[in-house]
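The structure appears below as structure tokens.
Because the structure is predicted, anything quoted here is derived from the model rather than measured. Only this structure's heavy atoms are used, side chains among them; waters, hydrogens and symmetry mates stay out. Naming convention: chains lettered A, B, ... in sequence-line order (proteins, then strands); numbering from 1 in each chain.
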2 protein chains.
Amino acid sequence: MNPTIHDVAKQANVSISTVSRVFNNPDSVGKEMRERVLQVIEELGYAPNPFASGLRDNRSMVIVAMIPDIRNSYYAEMLSGIEEVALSKRYNVIICNTIQNEERFLEYVKYFVKKKVDGLIFASTEITEFYKKNFDALNIPVVLASTEGRAWDLPSVRVDDVQASYDATTFLINNGHQEIGFISGPSHLLVPNVQRYEGYRKAMQDHQVPVSEQHVVYAEMTFDAGYEAMSRLYAKMPHLTAVYAASDAMAIGAMKFLHEQGLEVPRHVSVMGFDNLELSRMISPGLTTVAQNIYEIGKSAGELLFQGIENRDQDLQSVTIAHEIIVRGTVRNRRLKSDSER
Amino acid sequence: MNPTIHDVAKQANVSISTVSRVFNNPDSVGKEMRERVLQVIEELGYAPNPFASGLRDNRSMVIVAMIPDIRNSYYAEMLSGIEEVALSKRYNVIICNTIQNEERFLEYVKYFVKKKVDGLIFASTEITEFYKKNFDALNIPVVLASTEGRAWDLPSVRVDDVQASYDATTFLINNGHQEIGFISGPSHLLVPNVQRYEGYRKAMQDHQVPVSEQHVVYAEMTFDAGYEAMSRLYAKMPHLTAVYAASDAMAIGAMKFLHEQGLEVPRHVSVMGFDNLELSRMISPGLTTVAQNIYEIGKSAGELLFQGIENRDQDLQSVTIAHEIIVRGTVRNRRLKSDSER
DNA sequence: CAGCGCTCAGAAAACGTTTTCTTGCTGAGA
DNA sequence: TCTCAGCAAGAAAACGTTTTCTGAGCGCTG
């Protein structure tokens, strides 16, 4: 078995209180004693038993990351950022695939109450009163990642979706496109779809490009749904020159549909995505898209959470992460004559 | 604060021993008492404090999944399977991005000794004596996922790489290909690369197709490395009609190179991958590949681990997961005349 | 020189379980 | 009727910390 604080105390000929103090508040113990204890600790390879400390002061050194699906590389990337900062703080991360499922969520929450996790990063879905109530009951710091929290007074880390979407749309307009269709996420998922829709619409209007519900279709934010959504959009807008999809997965699904219709990207139709997933650069041509620095979102969320853990009554400030247009090969510049003649 | 076992005991007018027994060994307590206690438990929403139980019997109800990189969808998928069975056993999973880094590995291992995790699933790299020694020191059940363990007497869950690779190569041969290049993973990573190489070579030989080192290039198993490896392979084998890559990421990288060279897939060159990543079906044309049921690997590894946790001295039997050829659009059948005339 | 306060270290309580040991009671067999 | 076995429930110890309380020793001040 591992050495305990008693073993160290006996070996160093001090009391266990002294050993504990050496660990937690070294300045409060005299130099010679401290050094003797330190040496024995080293010698025996002593480390405090986390169960005992946990029992004593209800800290588990564990945080929880709640995400919809770890198989989605967006969340995997985010998790990677969270994990990085947790490791540096000597915390562990436990992951929860909520699968957008309230029952499963509850299952986990019930669990955390017992486990006394020290903090929670939530990246799953729209926050409803249901979630908010459960968070409150948990009574630990909560940080939202890539989802909205202002209405519920929860700190969040995310990109400015309105602005990012505005920039993406403007990019298409600046490349000479006017007939720009928009594949939105499902409208019932408020975040981030309202924001991305708003950014798209605002950009169109600001540049005097006509826009209406005729330009928009709604779908789940997946590859398959994007494929299917593109067929609907194409039926509504047979003359579109560009498609802007609210996620890369949808954009790539849309590209597959266009490809099957014999429409070349970007010669006949330009495509713009959102997310900058790893795979966006793997396809040919590479997908032009809006990059969220997802890793950074995870990292910031982690840092924010630890702020809250280390200083329980501090108010946490939401953070906005910068976005960036990544230009690859799926948008054609219609303003270049040579290009349009190709 | 949460109700304790004492609260329950007082409320139900029994001793705490009885309450504990109701939880852990219900049959040993009389019916009426049991029911009274059960009711109070329900009423108060009591649940045992895991620190206290952990302190008492050194069980954490936590298992660890060690993987190279959660951002790699292969491992994300595997993790998803692990997580599923852990949840059903009411265990938590903590993840460790080892990043193929021994120092980082040690950092984690040191941690687990303290945390007293109950089991470990290792999916990182080739097992060396270094790892094996650390596993032994941990003194908990260890299961290997998608890596080899026989030499070290560790149970593993994986596909039969030799057979799978044999099948993939045979598929290409049966489609009329003879000049088949092979993009292997780096030779220093023995598993699974020796096996896949062996399967390829064996299939070629069994079908009387000439094969030599001229047909093979080595690269890291990533998209970028696959791109670069394809350029080397193409230089060595300008007349190849098919490429078989030991991972989908490499295969897709290779496709990008071919595309840039003006070579169409599958018209000029056929491509076959290995893994069946999510993104393999997203590209156009869809990648023909060998499917590992990765989720199943994770799930089986989890189940095997829990066998070991629940029965410590049982010998765990390694498990082989079935593989399958997924036919999509990147392999042309050269035996069909109409096809070759297109 | 006496008394006061301050510093540093030890004693002990508390955290919430699980499980062994003990005890009291019931029922059966002699 | 007495004794012994068996069973059900309670008492108590143990797991390893952290922290508050206590007390000893010492230096400074009046």
Side-chain angles (χ1 to χ4, degrees), chain A residues 1-41 44-62 90 111-118 139 310, chain B residues 1-41 44-62 90 111-118:
Chain A
M1 203 68 291
N2 284 329
T4 74
I5 199 171
H6 291 98
D7 300 331
V8 177
K10 199 183 297 177
Q11 186 103 355
N13 241 319
V14 297
S15 74
I16 59 166
S17 326
T18 305
V19 179
S20 178
R21 268 190 282 262
V22 168
F23 245 82
N24 302 298
N25 193 8
D27 292 341
S28 71
V29 33
K31 181 149 179 277
E32 63 193 310
M33 260 197 172
R34 180 171 58 224
E35 280 178 359
R36 195 167 71 218
V37 171
L38 242 23
Q39 193 188 333
V40 176
I41 285 176
L44 266 50
Y46 166 77
N49 178 319
F51 293 128
S53 346
L55 179 59
R56 231 267 160 188
D57 29 83
N58 270 314
R59 295 176 61 217
S60 57
M61 303 292 280
V62 166
R90 334 220 77 222
Y111 212 43
F112 300 152
V113 175
K114 300 194 312 185
K115 281 267 179 180
K116 310 212 194 289
V117 299
D118 294 337
N139 196 28
E310 281 157 18
Chain B
M1 202 70 295
N2 284 330
T4 73
I5 199 170
H6 290 98
D7 300 330
V8 177
K10 199 183 297 177
Q11 186 101 0
N13 241 320
V14 297
S15 73
I16 59 165
S17 330
T18 305
V19 179
S20 179
R21 268 190 282 262
V22 167
F23 245 82
N24 303 297
N25 192 7
D27 292 341
S28 73
V29 32
K31 183 150 178 277
E32 62 192 313
M33 260 193 173
R34 179 171 58 224
E35 281 178 357
R36 195 166 69 219
V37 171
L38 243 22
Q39 193 189 333
V40 176
I41 286 176
L44 266 52
Y46 165 77
N49 178 318
F51 293 129
S53 347
L55 178 59
R56 235 250 151 205
D57 28 88
N58 269 313
R59 294 175 61 217
S60 58
M61 302 293 280
V62 166
R90 334 220 76 221
Y111 212 45
F112 299 152
V113 175
K114 299 195 312 186
K115 281 268 180 180
K116 309 210 192 291
V117 299
D118 295 337

TODO: Take atom NZ of A/Lys31 and atom C1' of C/dA9, then tell me their distance rounded to the nearest Å.
DONE: 18 Å
Task: Closest-nucleotide 5' rank along DNA chain D - winner of A/Leu55 and B/Met33 - done: B/Met33
- [ ] Rounded off to whole Å, could you give me the CG-to-P distance for the B/Asn58 and C/dT19 pair?
- [x] 12 Å
Open item on the list: Can you pull out the residues from residues 6-28 of chain A that lie within a 4.0 Å heavy-atom distance of DNA chain C?
Closed with: A/Val14, A/Ser15, A/Ser17, A/Thr18, A/Arg21, A/Ser28
- [ ] Could you state the atom-to-atom distance from CD1 of B/Ile5 to P of D/dA12 in whole Å?
- [x] 16 Å
Task: Which nucleotide in C/dT18, C/dT17, D/dG16 has an atom nearest any side-chain atom of B/Asp57 - done: C/dT18
- [ ] Say whether, by atom type as modelled, one donor and one acceptor occur between the side chain of A/Arg34 and the main chain of A/Pro26 under 3.5 angstrom.
- [x] yes
Task: Atom pair distance, as rounded to whole Å: CZ in A/Arg36 and P in C/dC8 - done: 16 Å
Task: For B/Asp7 against B/Thr4, the heavy-atom pair lying closest together - done: OD2-N, 2.8 Å
Open item on the list: For A/Ser53, give me all partners under side-chain hydrogen bond (donor to acceptor under 3.5 Å, both in side chains), at least two apart in sequence or on another chain.
Closed with: none
Task: Spacing of B/Phe51 atom CZ relative to D/dT17 atom C1', expressed in whole Å - done: 12 Å
TODO: Could you tell me how the ring of A/Phe51 sits relative to the ring of B/Phe51: parallel (under 30°), tilted (30 to 60°) or perpendicular (over 60°)?
DONE: tilted
Task: Selection from C/dA9, D/dT17, C/dT17 that lies nearest to any side-chain heavy atom of B/Arg56 - done: C/dT17
- [ ] Rounded to the nearest 0.5 Å, what's the gap from CD1 on B/Ile5 to NZ on B/Lys10? Could you check?
- [x] 13.5 Å
Task: For atom CE of B/Met61 and atom C1' of C/dT17, their distance in whole Å - done: 14 Å
Task: Between D/dG16 (C1') and A/Ile41 (CD1): distance, integer Å - done: 14 Å
TODO: Starting at CD of A/Glu35, measure out to CD of A/Glu32 and round the result to the nearest 0.5 Å.
DONE: 9.0 Å
